[in-house]
Amino acid sequence: MSYVDHYSILGLLPDPEDGLCDITGLYLAKFSLLPIGKRIFIRTVQQINGWRDLPKTVSARILAQ
């Protein structure tokens, strides 16, 4: 079981292409490498006109290419 109690801010999401936002560049700019075999957690918070939505969290295991 994995748990995260601190998230780093990557930045604003780029514009979506075909309904998806690629955050690889934002992640690599902050951490400089993808940890092969490790699990990363991404939390997004939508904010519109000063109002915030509830956070949404996803995780993924980084596989070797």
Side-chain angles (χ1 to χ4, degrees):
M1 181 169 175
S2 299
Y3 174 78
V4 177
D5 62 355
H6 173 75
Y7 289 89
S8 296
I9 296 174
L10 295 179
L12 298 175
L13 284 177
D15 291 333
E17 291 185 24
D18 297 324
L20 299 173
C21 295
D22 184 357
I23 63 165
T24 306
L26 289 172
Y27 186 92
L28 292 175
K30 181 79 172 184
F31 299 108
S32 74
L33 66 101
L34 292 171
I36 303 300
K38 300 290 184 180
R39 183 170 296 281
I40 62 169
F41 292 82
I42 306 293
R43 176 177 279 180
T44 59
V45 179
Q46 178 175 264
Q47 184 171 342
I48 300 174
N49 297 328
W51 292 91
R52 283 185 162 185
D53 195 5
L54 294 174
K56 293 176 179 55
T57 304
V58 296
S59 68
R61 184 169 309 276
I62 305 299
L63 304 175
Q65 293 191 19

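Sequence positions, counted from 1, serve as the residue numbers for this chain.
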| note | Interatomic distance, SG@C21 vs CD1@I42, rounded to 0.5 Å, equals 12.0 Å
| task | Can you measure from CG (L12) to CD1 (I23) and round to the nearest 0.5 angstrom? | result |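 Answer for the CG-CD1 pair, L12 versus I23, is 12.5 Å.
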Identify, with sequence neighbours excluded, every residue that meets side-chain hydrogen bond (donor to acceptor under 3.5 Å, both in side chains) alongside [X].
X	answer
E17	none
R43	T57
S32	none

| task | Give every residue pair that meets the ring pair (Phe, Tyr, Trp, His ring centres under 6.0 Å) criterion with at least one member in residues 42-65, sequence neighbours excluded. | result | none
| Applying ring pair (Phe, Tyr, Trp, His ring centres under 6.0 Å), which residue pairs with at least one partner in residues 19-40 are found, sequence neighbours left out? | Y27-F31
| Got a sec, which residues hit side-chain contact (heavy atoms from CB on, under 4.5 Å) with I36, two or more places apart in sequence or on another chain? | I62, A64
| request: Can you sort out the partners of K56 under side-chain contact (heavy atoms from CB on, under 4.5 Å), two or more places apart, ordered by chain and number? | output: T44, D53
| said: Applying salt bridge (charged side-chain N to carboxylate O under 4.0 Å, His left out) as the test, list every pair that has at least one member in residues 18-42; sequence neighbours left out. | reply: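 Not a single pair qualifies under salt bridge (charged side-chain N to carboxylate O under 4.0 Å, His left out).
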| task | Answer yes if V58 and L10 sit in the same cluster of Ile, Leu, Val, Met, Phe, Trp and Tyr residues linked by side chain heavy atoms under 4.5 Å apart, and no otherwise. | result | yes
| Mind checking whether I9 and L13 sit in one hydrophobic cluster, side chains of I, L, V, M, F, W, Y counted as touching below 4.5 Å? |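 In one cluster: no.
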| said: Could you list the cluster mates of F41? Members are the ILVMFWY residues connected by side-chain heavy atoms closer than 4.5 Å, either directly or through other members. | reply: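 So far as hydrophobic clustering goes, F41 is joined with V4, Y7.
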